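For reference, the structure is listed below as structure tokens.
Note that this is a predicted model, so its numbers are computed, not measured. Just the heavy atoms: all of them, side chains too, but no hydrogens, waters or symmetry mates, feed the values below.
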Amino acid sequence: MRQTLQSIDIPTLQRDLLNWYEKNKRDLPWRKDQDPYKIWVSEVMLQQTQVDTVIPYFERFMEKFPTVQDLAEADEQDVLKAWEGLGYYSRARHLQQAARDVVANYGGKVPSDSKALASLKGIGPYTKGAILSIAFGQPEPAVDGNVMRVLARILAIEDDVKKSAVKKMFRSLAQDLIPKEDPGSFNQALMELGALICTPKSPMCMFCPLQQHCQAFANGLEHELPYKSKGKRQKTYHYAVVLIKNPQGQYMIEKRPDRGLLANLWQFPMIPVKLTSLLETEKTIKTLFYSEYGVEIRVKSRRGHFKHVFSHLIWQLQIIEAETGEKGVETSRLRWVSPNELPHYPFPVPHQKMLPYIFS
């Protein structure tokens, strides 16, 4: 599996890539300076998320939390609300936890030491490399999916890029490639090339500045590489989401547990139902709801049904409109709120989709 760069003219490759990047790099808000906090936030947001989606979130987030100190002192619910819709919410929680560590242990300044930076919650090898190279000019590799794809094609690497040993090999290769002069631009150039030219499907090889260096192109393998084994099949879960209204016109919402999927976000009550959930009787839904929440309800109607796909699982959701004569039942987990108050709470995307049923 061990690959080397013996067949590559490294200085020429570096020059070709940096020249292309200087002419073609996108004007992105986190590239306007080398503020390590801004670079850190942007890199965390860009994990699993497209650039065009991230830009408005980044700008709003920086306006609300312009410094590490601001983020560290913020209420977690405000941070989750600012992240609402971006997904993978553990990123936001880890980012805030790490910001608090930076304030407590590093005087509010993002550390430039590799070991210290790696000790912060949520900062793995890629994020660490991006911050050290872009913000501090250190020749550290930053290997994400885009970079692995570029390197896999340039060196015609056929190993499974999902394997940890292969990822480690790519980091070693990137370390050998990165120049000591302007390593931040080189890392960003590799990422940019993967995002704009060396794309997963239909790579635009005719426009690639590294075409002459690319062994996959020379051997007609650019559409075959990188090789990625198939992941596990997503498991499907069926739920009834109950939009329950009390005599004051308030709706019940619940806070999810502080660990696991969508931790500490709010949602409308969800009860697991069978695969034949669309045929569940009104009595069954009432019984299940009372068992889970201790509230007597009257089912009024079924308002809709939709599917929400996560990276590792699928929710099949049927929307139930209901009402209750009970006024209390508020706990740390459950809360009654008016429709006008709902926008103040951070909801995951599938439950944001419930709001039109309330306001219609």
Side-chain angles (χ1 to χ4, degrees), residues 56-57 60-61 63-65 70-71 73-87 89 92-93 96 238-273 277 280 282-308 310 315-360:
Y57 277 95
R60 289 194 298 267
F61 197 89
E63 184 176 347
K64 194 169 183 65
F65 314 111
D70 293 317
L71 179 58
E73 294 175 353
D75 185 282
E76 184 191 72
Q77 290 289 293
D78 291 335
V79 176
L80 291 174
K81 183 65 181 177
W83 207 273
E84 185 182 58
L86 199 55
Y89 293 90
R93 294 191 298 273
Q96 185 178 35
H238 295 259
Y239 293 98
V241 181
V242 183
L243 307 180
I244 175 175
K245 191 177 185 180
N246 71 8
Q248 285 71 42
Q250 298 169 312
Y251 286 86
M252 178 185 283
I253 60 174
E254 67 172 328
K255 193 176 187 181
R256 292 182 64 86
D258 60 5
R259 291 173 181 259
L261 180 67
L262 308 175
N264 285 338
L265 294 177
W266 292 82
Q267 66 180 23
F268 297 99
M270 283 173 43
I271 51 175
V273 292
S277 58
E280 292 279 7
E282 177 180 324
K283 182 178 179 181
T284 301
I285 291 173
K286 288 172 61 177
T287 301
L288 288 170
F289 195 88
Y290 185 80
S291 175
E292 179 67 23
Y293 297 97
V295 176
E296 292 277 3
I297 65 170
R298 182 175 73 83
V299 175
K300 294 179 63 179
S301 64
R302 299 175 191 272
R303 297 295 305 274
H305 178 271
F306 71 92
K307 176 173 74 173
H308 186 80
F310 295 92
W315 279 357
Q316 291 282 3
L317 305 173
Q318 58 170 312
I319 305 160
I320 304 296
E321 185 179 22
E323 60 185 13
T324 182
E326 299 188 33
K327 304 175 184 178
V329 202
E330 283 213 0
T331 66
S332 59
R333 171 192 171 197
L334 300 175
R335 189 169 295 180
W336 290 102
V337 298
S338 69
N340 289 337
E341 292 174 310
L342 287 172
H344 299 299
Y345 291 83
F347 283 88
V349 169
H351 284 262
Q352 290 178 45
K353 293 178 180 177
M354 307 295 167
L355 297 178
Y357 293 97
I358 288 176
F359 290 102
S360 62

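- Atom NE2 of H305 sits about 6.5 Å away from atom CD of Q318, to the nearest 0.5 Å.
- Across every non-hydrogen atom of A82 and F61, the tightest pair is CB-CD1, 4.0 Å.
- Without hydrogens or angle criteria, Q352 side chain to F347 main chain gives a donor-acceptor distance under 3.5 Å.
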Give every donor-acceptor pair under 3.5 Å between a side-chain atom in residues 262-273 and any protein atom, sequence neighbours left out.
residue	atom	partner	partner atom	Å
N264	ND2	E76	OE1	2.8
W266	NE1	Q77	OE1	2.7
Q267	OE1	R256	NH1	2.8
Q267	NE2	E254	OE2	3.0

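- At least one side-chain heavy atom of W336 sits under 4.5 Å from a side-chain heavy atom of T324.
- Remark: the backbone N or O of Y290 is not paired with any side-chain donor or acceptor of E296 at under 3.5 angstrom.
- Using a 4.5 Å heavy-atom threshold, the side chains of V299 and F289 count as separate.
- Within 6.0 Å of NZ in K255 there are more than 12 heavy atoms belonging to other residues, nucleotides or ligands.
- Within the 3.5 Å criterion, the main-chain N or O of K283 finds a donor-acceptor partner in the side chain of T287.
- Between E84 and K81 there is a salt bridge, with a side-chain nitrogen of the basic residue lying less than 4.0 Å from a carboxylate oxygen of the acidic one.
- The closest donor-acceptor contact from the side chain of Q96 to the backbone of A74 lies under 3.5 Å.
- The main-chain N or O of G249 is found under 3.5 Å from a side-chain atom of N246 such that the two form a donor-acceptor pair.
- Separation of the F306 and H308 ring centroids does not fall under the 6.0 Å cut-off.
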